[in-house]
Amino acid sequence: MAQAGEGVNADAAAARMGATVQELQGALGRLCDEEVTDGLWPDRLQALQQRLAAVAAGAPDELLLVLIAGAARLQPRYGVHHALACAPIVGLAAAVLGWTEEEQRTVMLAALTMNLSITALQDDLAHRERTLTVEQRLAVESHPARSVERLRALGVDDALWLDTVGLHHREPDELLAALPPAARLAALLRRVDVFVAKVSPRAGRPGLPTTQAARDACLGPDGRPDTLGAAILRSLGLYPPGSLVTLVNGETAVVWQRGARLDQPLVLSIAGTSRQPLPQPLLRRTADAAYAIKGPAGRAEARIPWDPQALLDAARPLSA
């Protein structure tokens, strides 16, 4: 993943990951709303990407937990949170794929800006149970090209960045290795974009369980795991941080950290067998058969209240 910019302290940012994510989301929201064409907008966006990459490098599990848990809850600024959640995932997967630092950085920049032309519309649609108007449908269908136009107007002239945004909704018709660079980056971005969208609820429908959406993201057009899917799986694990799972002992737990094996993360139990919240989270190593993951949490378990930052604060002493 792209290297952090000077002066960025990822460990300090990770100490209050919830606040860090809120700060990054606010900064991205302001950039999405900005109409100023002073020539410095690309620099501001790239500085945000560098900061996000630094946090992801320093505390990837905590960042993923806060972002994925946030994506699974209806956000006031859905479009901004969606972009912010996609960016570190594509960066991690690009690193797994062995892509260059420039490609890792560019695919993150594309993730942050792929929906630039419809961010406000995304927010509106996420909170309303209604059929799209003809005008709205056209805006959604044309948004990759319109986002490219807006990026150009804001001063972006990086061809790989622009082309990746323009292609991010196009289904690739060749094997990954045969694709030109922008189409290759866009293919990864498209897969992660769909994963985060499936996790995210709307006013008219609930989101899919994170584990189901992650499995779907690993499947290629033929319905079988492929190169992109394998990279996403290695980046997120079979049970991504922030997922709610049920353990064989009946506890409900939040996935905290990816494990040595994709199906054996560290989790924090937040409720007992009766679904009553525990006074303090309990660290469970799912490699231990007594605490193995039975499967994703059901709808009743998903209603158990928990706060990502409070959970991380309580969990830190457990990892010491």
Side-chain angles (χ1 to χ4, degrees), residues 1-5 8-29 31-32 45-72 75 77-97 99-115 161 164-165 168 185-186 188-200 210 213-214 217 228 231-237 239-243 255-258 265 308-309 312:
M1 194 177 295
Q3 296 298 309
V8 175
N9 187 325
D11 291 337
R16 287 291 299 174
M17 187 60 74
T20 299
V21 167
Q22 285 187 353
E23 181 185 343
L24 290 166
Q25 187 168 325
L28 181 58
L31 284 166
C32 289
L45 196 285
Q46 290 180 75
L48 188 151
Q49 179 273 324
Q50 287 185 331
R51 178 137 191 262
L52 180 59
V55 176
D61 293 294
E62 290 194 344
L63 178 63
L64 290 173
L65 186 152
V66 171
L67 287 172
I68 291 175
Q75 294 286 325
R77 294 216 63 176
Y78 165 85
V80 173
H81 188 91
H82 177 87
L84 197 67
C86 288
I89 299 174
V90 295
L92 290 167
V96 169
L97 288 162
W99 292 356
T100 66
E101 288 190 5
E102 178 188 1
E103 290 173 326
Q104 293 174 46
R105 180 175 61 254
T106 301
V107 77
M108 287 186 70
L109 291 168
L112 292 169
T113 57
M114 60 184 168
N115 299 322
W161 178 356
T164 301
V165 169
H168 82 273
L185 270 61
L188 173 61
L189 179 53
R190 177 180 178 276
R191 195 77 65 86
V192 172
D193 184 18
V194 171
F195 160 70
V196 178
K198 285 184 174 182
V199 168
S200 305
T210 306
L228 289 177
I232 295 168
L233 185 63
R234 285 180 59 192
S235 302
L236 294 175
Y239 303 99
S243 303
V255 177
W256 179 24
Q257 295 179 356
R258 295 160 297 168
Q309 186 60 58
L312 291 174

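These numbers come from the heavy atoms of this one structure, side chains and all, not from hydrogens, waters or symmetry mates.
Residue Leu228 holds its CG atom at 10.5 Å from CZ of Arg190, rounded to the nearest 0.5 Å. Between the CG atom of Leu31 and the CG atom of Leu112 there is a distance of 9.5 Å, given to the nearest 0.5 Å. Here Leu188 contributes atom CG and Ser235 contributes atom OG; the two are 8.0 Å apart, rounded to the nearest 0.5 Å. Distance check: Met108 CE to Trp161 CH2 gives 12.0 Å after rounding to the nearest 0.5 Å. Once rounded to the nearest 0.5 Å, the distance linking CD of Gln50 with CG of Leu52 reads 11.0 Å. One distance of note links CD of Glu101 with OG1 of Thr106; it measures 11.0 Å at 0.5 Å rounding.
With Ser243 contributing its side chain and Thr210 its backbone, the two residues share no donor-acceptor pair below 3.5 Å. Side chain of His81 to backbone of Leu67: a donor-acceptor contact under 3.5 angstrom is found. At distances below 3.5 Å, not a single donor-acceptor pair connects side-chain atoms of Glu62 with backbone N or O atoms of Ala59. Looking at Gln309, its side chain does come within 3.5 Å of a backbone N or O of Met17 through a donor-acceptor pair. Checking side-chain atoms of Gln257 against main-chain N and O of Pro265 turns up no donor-acceptor pair under 3.5 Å.
A 4.5 Å side-chain heavy-atom check between Thr164 and Leu109 finds every atom pair outside the cut-off. Residues Val21 and Val55 have side chains not in contact (no heavy-atom distance under 4.5 Å, counting atoms from C-beta outward). Counting heavy atoms from C-beta outward, Pro240 and Arg258 have side chains that stay 4.5 Å or more apart. Looking at heavy atoms from C-beta onward, Leu28 lies in side-chain contact with Leu45 at the 4.5 angstrom threshold. The closest side-chain heavy-atom distance from Ile68 to Leu236 is below 4.5 Å. Two residues are said to be in side-chain contact when any heavy atoms from C-beta on lie closer than 4.5 Å; Phe195 and Ile89 meet this criterion.
Contact record, His168 with Asn115: NE2-OD1, 3.7 Å, taken as the closest heavy-atom pair. A pairwise comparison of heavy atoms in Ala87 and Val90 identifies O-CG2, 3.1 Å as the closest pair. The minimum heavy-atom distance between Val80 and Cys32, with the atom names listed, is CG2-SG, 4.5 Å.
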Under the side-chain contact (heavy atoms from CB on, under 4.5 Å) rule, what do Trp256 and Leu65 come out as? Steps first, then yes or no, please.
-> CA-CA 7 Å; Trp256 179 24; Leu65 186 152; 4.1 Å; yes
Would you please test Leu92 and Leu64 for side-chain contact (heavy atoms from CB on, under 4.5 Å) and show each step?
-> CA-CA 11 Å; Leu92 290 167; Leu64 290 173; 3.9 Å; yes
Test side-chain contact (heavy atoms from CB on, under 4.5 Å) on Thr20 and Val66 and set out the steps.
-> CA-CA 10 Å; Thr20 299; Val66 171; over 6 Å; no
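Taking His82 as the reference, Tyr78 meet the ring pair (Phe, Tyr, Trp, His ring centres under 6.0 Å) condition, with sequence neighbours excluded.
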